[in-house]
Amino acid sequence: MNFYGMTQDDLKAYLKGLGKEQFRAQQIFKWVYERRTIDLEQMLNLSKSFREELKDKLSFDLPKVLSHLKSVDGTQKFLFDVKDGNSVEAVLIPSDGRLTLCISSEVGCNMACKFCYTGKQKLKRRLEAHEIVGQFMQVTDLISPQGQRISNIVFMGMGEPLDNSDNVFKSIETLHDSWGMNISKRKITVSTSGVVPEMWKVAHHKVRLAVSLNASNDDVRTQVMPINKRYPIKDLFAACREYYQATGDRITFEYVMLKGVTDSVEQARELHNLTKSIPCKINIIPFNEHPGADYTRPSDEQIELFHSELMRLGSHVLLRRTMGRDIFAACGQLTSEFDNKPKQMDISNSKIGSVYDRNKNVKTAFTAEGVPRV
Ligand code: SAH
Ligand code: SF4
């Protein structure tokens, strides 16, 4: 039994089965998550015989880190071995005083979105809860000696979290538990391509919802995201409204800009009209290239036109600065094909992107090194 896959309630039920008191679960959580002690010998508030008994029953194994890359812009990428020749990636992104861990929920993904590198691989396996919590714990252990702590979690790595919702929400409960890693639910975001029947669970667990919209109408959305055939925009938006009614929290819509497909000014208007009736924020993500991609990134000028049209119309919109491009860690670039994948992208000839500060109404361009151009 892997300890990291058990919520506190699971552990209580398990200990009950062994005839132990319920408060023992909190004691063990405190040792493991707060003090990072996994040596049962050191858990001196448990009796010697109990420690001996647990030794044979609980494992504290974490997914092994196969590689750890650092980008010039401070982004870090971790590749984890999740057994049977499978691996997944997580990305640590520093920005605005936050340290966000982008976590994977599956090896590969069955949603087959046309623009996504992960979607090029069929689903190999859904991750167990301990492998999801394990990504967080490994990164925590690697960065805590430098006095760093993960502040936010986004389920935007590999896989569709709502295709593995039991394990995803189990891991969320443990990471949120005040005896666990004590991460506020307001700092945890689940991103979905729109698995409508599962979306109520995001409200039920009181975490933030991000929806990969990526198109302003059903025709285009079906073309780039096959899931739209099953759950078209009307159904998706009904589920979004239910989320808002249940939580009062604004939704984030992600919108990948693909040259000639989703980047016209008319589409910006259509996107505004589509989303204006729902309290939301739109995150524009310029397409990130990957091997074999059928799309290209629009020009900076086109991205700017699209973005400023949405701003002019009054949408709450953010143009995401691409992070970690030099280590192939940007949105939609994650893969588990460790041996064949490019270790680095050649970005020498590409513009890295720009960020707008809405309040000051200024645009800052960034160089390939991730530093502001002057
Ligand atoms: N499966 C979930 C979460 C992982 S994808 C989902 O689809 O929401 C995280 C985000 O990356 C999604 O918004 C997706 O639309 C975006 N994305 C995928 N491929 C991309 C690419 N090549 N360039 C830019 N963004 C991409
Ligand atoms: Fe899967 Fe999300 Fe990629 Fe679509 S964008 S293939 S849902 S990981």
Side-chain angles (χ1 to χ4, degrees), residues 88-91 93 100-124 126-127 132 135 153-165 168 188-196 198-199 202 207-215 220-231 236 239-240 251-259 261-263 280-298 303 318-325 328-336 341-342 345 347 350 352-353:
V88 292
E89 293 183 324
V91 181
I93 309 150
T100 301
L101 188 67
C102 175
I103 239 170
S104 288
S105 55
E106 299 181 319
V107 186
C109 182
N110 263 349
M111 303 300 146
C113 302
K114 298 276 173 26
F115 46 80
C116 174
Y117 200 37
T118 309
K120 296 238 175 244
Q121 311 167 256
K122 282 229 161 301
L123 177 72
K124 291 197 187 126
R126 296 181 174 89
L127 293 185
I132 301 174
Q135 294 169 58
I153 303 170
V154 292
F155 282 84
M156 292 184 190
M158 295 166 56
E160 165 52 55
L162 296 187
D163 181 50
N164 187 17
S165 55
V168 162
I188 302 178
T189 302
V190 170
S191 174
T192 180
S193 56
V195 185
V196 167
E198 297 286 303
M199 281 170 65
V202 184
V207 289
R208 309 301 287 243
L209 173 66
V211 172
S212 298
L213 186 56
N214 298 335
V220 179
R221 193 163 195 269
T222 301
Q223 190 190 320
V224 296
M225 299 181 74
I227 193 175
N228 197 63
K229 272 183 246 150
R230 235 185 319 157
Y231 307 115
L236 179 61
C240 289
I251 292 158
T252 299
F253 287 115
E254 291 151 293
Y255 188 95
V256 178
M257 283 192 72
L258 308 168
K259 186 174 178 176
V261 183
T262 63
D263 65 344
C280 67
K281 182 173 87 186
I282 300 170
N283 263 1
I284 299 175
I285 318 172
F287 176 66
N288 295 310
E289 301 88 352
H290 51 78
D294 298 328
Y295 302 99
T296 48
R297 187 184 180 100
I303 294 169
L318 186 101
L319 175 55
R320 246 201 229 168
R321 177 158 74 95
T322 304
M323 301 282 281
R325 216 166 158 208
F328 213 68
C331 280
Q333 293 189 324
L334 304 186
T335 177
S336 63
K341 77 176 167 184
M345 276 277 280
I347 52 163
S350 59
I352 270 293

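Remember, it's 1-based here, ligands and their atoms both numbered in the order they're listed. Given the structure is predicted, the values throughout are model-derived calculations rather than measurements.
Of all atoms in ligand 1, numbered sequentially from 1 with element shown, those under 4.0 Å from a heavy atom of N214 are 15 (O). The ligand atoms of ligand 1 that sit less than 4.0 angstrom from a heavy atom of C116 are 18 (C), 19 (N). Shown in contact with S193 at under 4.0 Å from a heavy atom are these atoms of ligand 2, numbered in order with element: 7 (S). With ligand atoms numbered from 1 in the order given, ligand 1 contributes 6 (C), 7 (O), 8 (O) to contacts under 4.0 Å with heavy atoms of S193. For ligand 1 and E160, the ligand atoms under 4.0 Å from any heavy atom of the residue are 1 (N), 2 (C). Interface atoms of ligand 1 facing I285, defined by a heavy-atom separation under 4.0 Å, are 24 (C), 25 (N). Each of the following atoms of ligand 1 lies closer than 4.0 Å to a heavy atom of G159: 1 (N), 2 (C), 3 (C), 4 (C). Ligand-side atoms of ligand 2 in range of C109: 1 (Fe), 6 (S), 7 (S), 8 (S), range being under 4.0 angstrom from any heavy atom. Heavy-atom proximity to T192, at under 4.0 Å, picks out these atoms of ligand 1: 6 (C), 8 (O). Numbered from 1 in the order shown, with element, the atoms of ligand 2 that lie under 4.0 Å from a heavy atom of G119 read 6 (S).
For S105, the closest heavy-atom approach to ligand 1 does not fall below 4.0 Å. Within the structure, ligand 2 has G159 among the residues with a heavy atom less than 4.0 angstrom away.
Residue K259 qualifies as open at atom NZ: its count of foreign heavy atoms under 6.0 Å is 12 or below.
Which of C331, C109, G157 comes nearest to atom 25 (N) of ligand 1 through a heavy atom is settled by distance: it is C331. Taking each of A293, S191, S212 in turn, the one with a heavy atom nearest to atom 13 (O) of ligand 1 proves to be S212.
Nearest protein neighbour of atom 3 (Fe) of ligand 2, counting heavy atoms only, is C116 SG, 2.4 Å. Among protein heavy atoms, atom 5 (S) of ligand 1 sits closest to M156 O, 4.0 Å. With hydrogens left out, the protein atom closest to atom 23 (N) of ligand 1 is N288 N, 2.9 Å, a heavy atom. For atom 19 (N) of ligand 1, the nearest non-hydrogen atom of the protein is G332 CA, 3.1 Å.
Contacts between T118 and ligand 1 below 4.0 angstrom, taking non-hydrogen atoms only, are absent altogether. Contact annotation for F155 and ligand 1: only backbone heavy atoms (N, CA, C, O) come within less than 4.0 Å of the ligand. Using a 4.0 Å cut-off between heavy atoms, E254 contacts ligand 1 through its side chain alone, with no backbone atom that close. At a heavy-atom distance under 4.0 Å, only side-chain atoms of V256, from C-beta outward, approach ligand 1. The part of H290 lying near ligand 1 is the side chain, judged by heavy-atom distances below 4.0 Å.
Rounding to the nearest 0.5 Å places CE of M225 at 4.0 Å from SG of C113. Note that the CZ atom of R321 and the CD1 atom of I93 stand 11.0 Å from one another [nearest 0.5 Å]. Note that the CG atom of L123 and the CE atom of M158 stand 10.0 Å from one another [nearest 0.5 Å]. Taking CE of M257 as the reference point, atom CG of D263 lies at 5.0 Å (rounded to 0.5 Å).
Formation of a donor-acceptor pair under 3.5 Å by the H290 side chain with backbone atoms of T118 is not found in this model. The backbone N or O of D163 sits less than 3.5 Å from a side-chain atom of R126, completing a donor-acceptor pair. Counting only distance, with no hydrogens or angles, the side chain of N164 and the backbone of E106 share no donor-acceptor pair below 3.5 Å. No donor-acceptor pair under 3.5 Å is formed between the side chain of N228 and the backbone N or O of R221. One N or O on the side chain of S104 and one on the backbone of E89 form a donor-acceptor pair closer than 3.5 Å.
Considering backbone and side-chain N/O of P286, none are found under 3.5 Å from N/O of ligand 1.
The only member of T192, L213, I227, V195 that meets side chain to side chain contact (heavy atoms under 4.5 Å, CB included) when paired with L236 is L213.
For a distance bound of 2.8 Å, the N, O or S atoms of C113 include one lying that close to atom 4 (Fe) of ligand 2.
Counting only N and O atoms by type, the side chains of R297 and N288 include a donor and acceptor under 3.5 Å apart. Between the side chains of S191 and E254, at least one donor-acceptor pair of N or O atoms lies under 3.5 Å. Using a 3.5 Å distance cut-off with no hydrogens or angles, the side chains of E289 and T296 do not pair a donor with an acceptor.
A pairwise comparison of heavy atoms in L101 and A90 identifies CD1-CB, 4.2 Å as the closest pair.
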